[in-house]
Each structure stands twice: as C-alpha cells, then as structure tokens.
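Heads up: the structure comes next, in structure tokens.
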Amino acid sequence: QDQPVESGGGSVEVGGSLTLSCRTSGGMHGNMVGWFRQASGKGREGVAAISPSGKRIYYADSVKDRFTISQDVADAKTRNTVYLEMIGLTPEDGAVYYCAEGYIRFGTAWDSPGNWDSWGQGTRVTVSS
C-alpha cells in the first residue's frame, strides 16, 4: 500500500456526526497524518493533523471543538489508522475529505496541501438540512 486509504464518508443531517478513518500506508514512518477537505468549487483546506507521537495536533479554526483527530498506535512507527471524529456537522462541512501523509517540520504550515507527500482518493461527506 503506497497511499493512505480513507473510509467512513456518507450523508448526514445537520447536527449529525460521522467518523472518518484513514488507513495509513505504513511506509512513511515518522510522518504526520492530516485530514483535508475540498468542497465543490473551492480549494483544498487543512482540517486536522496529528504527529506519530500524538504530541502535535492541529485543527482548523472552523472545526475546533467539533472535530477530533486520533490514531491507533501500536508504536509510532507502525500506527495503522487515523480517525477524524466529526460532530455538529453543518452544510459547510460537506466536502470530499482526503487523508494525507507527510514529513511536516515543526513551524511548517501543516494546512498547506503542497507540504504533504502522499494522498488518498478521498471520501465524500454530505450534510443536508
């Protein structure tokens, strides 16, 4: 597996919740895993990211207090799955969500898509009112 693989997307009503999963490639030890999203007609934006140790966690202001990123860690080198728990969904959260892996140095803009190395195919989240 050379790329991360997302799952868990679907359709929910406003105020609903979903948990996305990202099965990491397993070959990029030491890299951060991030979630991005891209709504129709808009650019790709960073949603959340987590370091292998879990000591570095970032969120976009628009999702703080509603989204939680977490990971299953056997150890920092072999973590398998990174989750994005989303609650209180709004229509503005509707997008294709992508998982990404990359070596993000401290101080580097984690939310810049160009700084990430490997991308999944995406999973669609639709929020209806």
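Position 1 is the first residue of the sequence; numbering continues from there. What's counted below: heavy atoms across the whole structure, side chains too, no hydrogens, waters or symmetry copies.
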Using the test side-chain contact (heavy atoms from CB on, under 4.5 Å), find all partners of [X] that sit at least two apart in sequence or belong to another chain.
X	result
Val12	Leu18, Leu89, Val127
Ser128	Glu13
Thr126	Ser11, Arg124
Asn115	Ile104, Thr108, Ala109, Ser112

When rounded to the nearest 0.5 angstrom, what is the spacing between CD in Gln3 and SG in Cys99?
10.5 Å

OH on Tyr83 to CD on Gln71, rounded to 0.5 Å:
10.5 Å

Non-neighbouring partners of Glu92 that pass side-chain hydrogen bond (donor to acceptor under 3.5 Å, both in side chains), sequence neighbours left out:
Thr90

Residues which pass side-chain hydrogen bond (donor to acceptor under 3.5 Å, both in side chains) with Tyr97, listed by chain and number, not counting sequence neighbours
Arg37

Can you see which heavy atom on Val14 is nearest to which on Pro91, and at what distance?
CG2-CD, 3.6 Å

Are Gln121 and Tyr98 side-chain neighbours, meaning at least one heavy-atom pair lies under 4.5 Å?
no

Beyond-backbone contact of Ile87 with Phe67, side-chain heavy atoms, under 4.5 angstrom:
no

Check salt bridge (Lys or Arg N to Asp or Glu O under 4.0 Å) between Asp61 and all other residues, then give those that pass, not counting sequence neighbours.
Lys64

Test of understanding: with salt bridge (Lys or Arg N to Asp or Glu O under 4.0 Å), list the residues that count as partners of Glu85, not counting sequence neighbours.
none

Kindly state each residue pair satisfying disulfide bond (SG atoms under 2.5 Å apart) with at least one member in residues 100-129, sequence neighbours excluded.
none

Scan for disulfide bond (SG atoms under 2.5 Å apart) pairs involving residues 100-129, sequence neighbours excluded, and state none if there are none.
none

Is it true that Glu101 and Ser25 share a donor-acceptor pair across their side chains at a distance under 3.5 Å?
yes

Residue from Thr19, Leu20, Asp93 passing side chain to side chain contact (heavy atoms under 4.5 Å, CB included) with Met86:
Leu20

Of Pro4, Ser21, Cys22, which meets side chain to side chain contact (heavy atoms under 4.5 Å, CB included) against Thr81?
Ser21

Evaluate side-chain contact (heavy atoms from CB on, under 4.5 Å) for Ile69 paired with Tyr59, printing each intermediate quantity in order.
CA-CA 9 Å; Ile69 190 170; Tyr59 293 101; 3.5 Å; yes

Can you get from Val33 to Ile57 by hopping between Ile, Leu, Val, Met, Phe, Trp and Tyr side chains that sit under 4.5 Å apart?
yes

I'd like to know if the side chain of Arg56 and the backbone of Pro52 have a donor-acceptor N/O pair within less than 3.5 Å.
no

Expected output: side-chain Arg66 to main-chain Gly88 donor-acceptor under 3.5 Å:
yes

With sequence neighbours left out, write down each residue that passes ring-ring contact (aromatic ring centres under 6.0 Å, His included) with Phe36, or none if nothing qualifies.
Trp116, Trp119

For Tyr58, all residues meeting ring-ring contact (aromatic ring centres under 6.0 Å, His included), sequence neighbours excluded:
Trp110

